[in-house]
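Here, residue 1 is the first one in the sequence, and each next residue gets the next number. Just so it is clear, the structure is predicted and the values come from calculations on it, not from any experiment.
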Amino acid sequence: PAGGCYSPPADAEEGLVYIGITPQRGMKGDVECDGDVDANDALAALRYSLGLLPLSDIAVYNGDVDGNGFLNSNDALAILRYVLDLQPSL
């Protein structure tokens, strides 16, 4: 799911819930935390900015590509422009 930037312990047993899992910071723009920056990340950022999608703190951190401390429609647009090669970097 979007915002799932958490890695369970290597010896995690399936079906158990782990508390205190260390969040993994990913790459800028990777809102879905899947190791790739694509249009789905821009869409997730836009949906979050509209209050339609909850995200983890790490997903918000990854999506805040302008570094202003907020994930908003400006970040969603920047991610989309990057994906379309209209912007050289995030």
Side-chain angles (χ1 to χ4, degrees):
C5 299
Y6 295 92
S7 298
D11 60 346
E13 292 184 38
E14 190 171 330
L16 294 181
V17 175
Y18 288 84
I19 306 299
I21 296 171
T22 304
Q24 304 295 316
R25 283 198 163 84
M27 68 180 84
K28 282 294 185 188
D30 185 16
V31 179
E32 291 195 313
C33 302
D34 60 2
D36 190 29
V37 178
D38 57 26
N40 290 325
D41 295 299
L43 179 59
L46 183 59
R47 291 183 66 213
Y48 174 82
S49 73
L50 295 171
L52 301 174
L53 180 69
L55 293 174
S56 71
D57 290 343
I58 299 303
V60 172
Y61 174 85
N62 290 349
D64 177 23
V65 297
D66 63 10
N68 70 353
F70 302 96
L71 174 54
N72 56 37
S73 59
N74 291 332
D75 298 301
L77 179 59
I79 294 167
L80 186 58
R81 289 178 54 82
Y82 173 76
V83 169
L84 296 173
D85 290 325
L86 300 173
Q87 180 171 318
S89 64
L90 290 174

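With values rounded to the nearest 0.5 angstrom, Leu55 atom CG is found 9.0 Å from Arg47 atom CZ. Atom CG of Asp36 sits about 5.5 Å away from atom CG of Asp34, to the nearest 0.5 Å. Between the CG atom of Leu43 and the CD1 atom of Ile79 there is a distance of 10.5 Å, given to the nearest 0.5 Å.
Leu71 and Gly63 make their closest contact through CD1-O, 3.3 Å (heavy atoms, listed as atom of the first residue, atom of the second, distance). Closest approach of Ser73 to Leu46, counting heavy atoms only: CB-CD1, 4.2 Å. Closest approach of Leu80 and Ala39 over heavy atoms only: CD1-CB, 4.4 Å.
Using a 4.5 Å heavy-atom threshold, the side chains of Asn72 and Asp75 count as touching.
Residues Tyr48 and Leu90 share a hydrophobic cluster, clusters being chains of Ile/Leu/Val/Met/Phe/Trp/Tyr side chains in contact below 4.5 Å. Hydrophobic clustering of Ile, Leu, Val, Met, Phe, Trp and Tyr side chains at less than 4.5 Å, counting indirect connections, unites Val60 with Met27. Note on Val65: it clusters hydrophobically with Leu53, by side-chain heavy-atom contacts below 4.5 Å among ILVMFWY residues. The cluster map of Ile, Leu, Val, Met, Phe, Trp and Tyr, joined by side-chain heavy atoms under 4.5 Å apart, puts Val83 and Leu77 in different clusters.
The main-chain N or O of Asn68 is found under 3.5 Å from a side-chain atom of Asp64 such that the two form a donor-acceptor pair. At distances below 3.5 Å, not a single donor-acceptor pair connects side-chain atoms of Asn74 with backbone N or O atoms of Ala78.
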What verdict does the side chain to side chain contact (heavy atoms under 4.5 Å, CB included) test give for Val37 and Tyr82, after you've listed the backbone C-alpha separation in whole Å, the side-chain angles of each residue and the deciding distance to 0.1 Å?
CA-CA 9 Å; Val37 178; Tyr82 173 76; 3.9 Å; yes
